[in-house]
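Worksheet for the structure shown next.
Everything numeric here is computed off the predicted structure, so don't read it as measured data.
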Amino acid sequence: MQDFDKISIQEMSKDDMLLIIQALEYTGTNTKIDDFIALRDSFIMQLSDLAEVSENEFLELLQKETQSF
């Protein structure tokens with residue numbers, strides 16, 4: 001297995017991105033483990049920076065484009 005420091009999201013679908021965000025939120029809320037919420041927030045922050053929109057706008061766009069909520 002190759003060593004890597006970062007993972008590219010080029011091949012990740014928008015559905016998968018939203019699913020990961022929702023899974024982290026669900027897990028953090030139901031386990032009361034703050035690290036899951038912190039990871040979710042970090043993931044959203046980095047993705048919204050790449051998209052050059054606010055975090056709220058990014059989530060709204062992602063939800064609209066995946067037809068999920």
> Quick one: salt bridge (charged side-chain N to carboxylate O under 4.0 Å, His left out) partners of E60, sequence neighbours excluded?
Replying inline: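 Applying salt bridge (charged side-chain N to carboxylate O under 4.0 Å, His left out) to E60 gives none.
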
> Taking all atoms of both residues into account, what is the closest heavy-atom pair of L39 and L24, and its distance?
Replying inline: CD2-CD2, 3.8 Å

>> On a heavy-atom basis, which atom in M17 and which in L62 lie closest, and how many Å separate them?
In response: CB-CD2, 4.2 Å

>> Are there over 12 heavy-atom neighbours, none belonging to N30, within less than 6.0 Å of that residue's CG?
In response: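 Enclosed: over 12 neighbouring heavy atoms sit under 6.0 Å from CG of N30.
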
> Would a hydrophobic clustering, with Ile, Leu, Val, Met, Phe, Trp and Tyr connected at side-chain separations under 4.5 Å, put F36 with L59?
Replying inline: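 Result: yes, single cluster for both.
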
> Taking a hydrophobic cluster as the set of Ile, Leu, Val, Met, Phe, Trp and Tyr residues connected by side-chain heavy atoms closer than 4.5 Å, whether directly or through intermediates, do L18 and Y26 fall within one such cluster?
Replying inline: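 Cluster IDs for L18 and Y26 differ.
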
> Heavy atoms, side chains only, cut-off 4.5 Å: are T66 and L19 in contact?
Replying inline: no

>> A side-chain contact here means heavy atoms from C-beta on lying under 4.5 Å apart; do L61 and K14 qualify?
In response: no

> When rounded to the nearest 0.5 angstrom, what is the spacing between CZ in R40 and OG1 in T29?
Replying inline: 8.5 Å

> Could you state the interatomic distance from CD (Q63) to CD1 (I21), rounded to the nearest 0.5 Å?
Replying inline: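 Between Q63 CD and I21 CD1, I get 8.5 Å after rounding to 0.5 Å.
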
Pairs of donor and acceptor atoms involving the side chains of residues 42-54, under 3.5 Å and at least two apart or interchain, shall be tabulated with distances.
unit_1: S42; atom_1: OG; unit_2: Q46; atom_2: NE2; d: 3.2
unit_1: S48; atom_1: OG; unit_2: I44; atom_2: O; d: 3.1
unit_1: S48; atom_1: OG; unit_2: M45; atom_2: O; d: 3.0
unit_1: S54; atom_1: OG; unit_2: E57; atom_2: N; d: 3.1
unit_1: S54; atom_1: OG; unit_2: E57; atom_2: OE1; d: 3.1

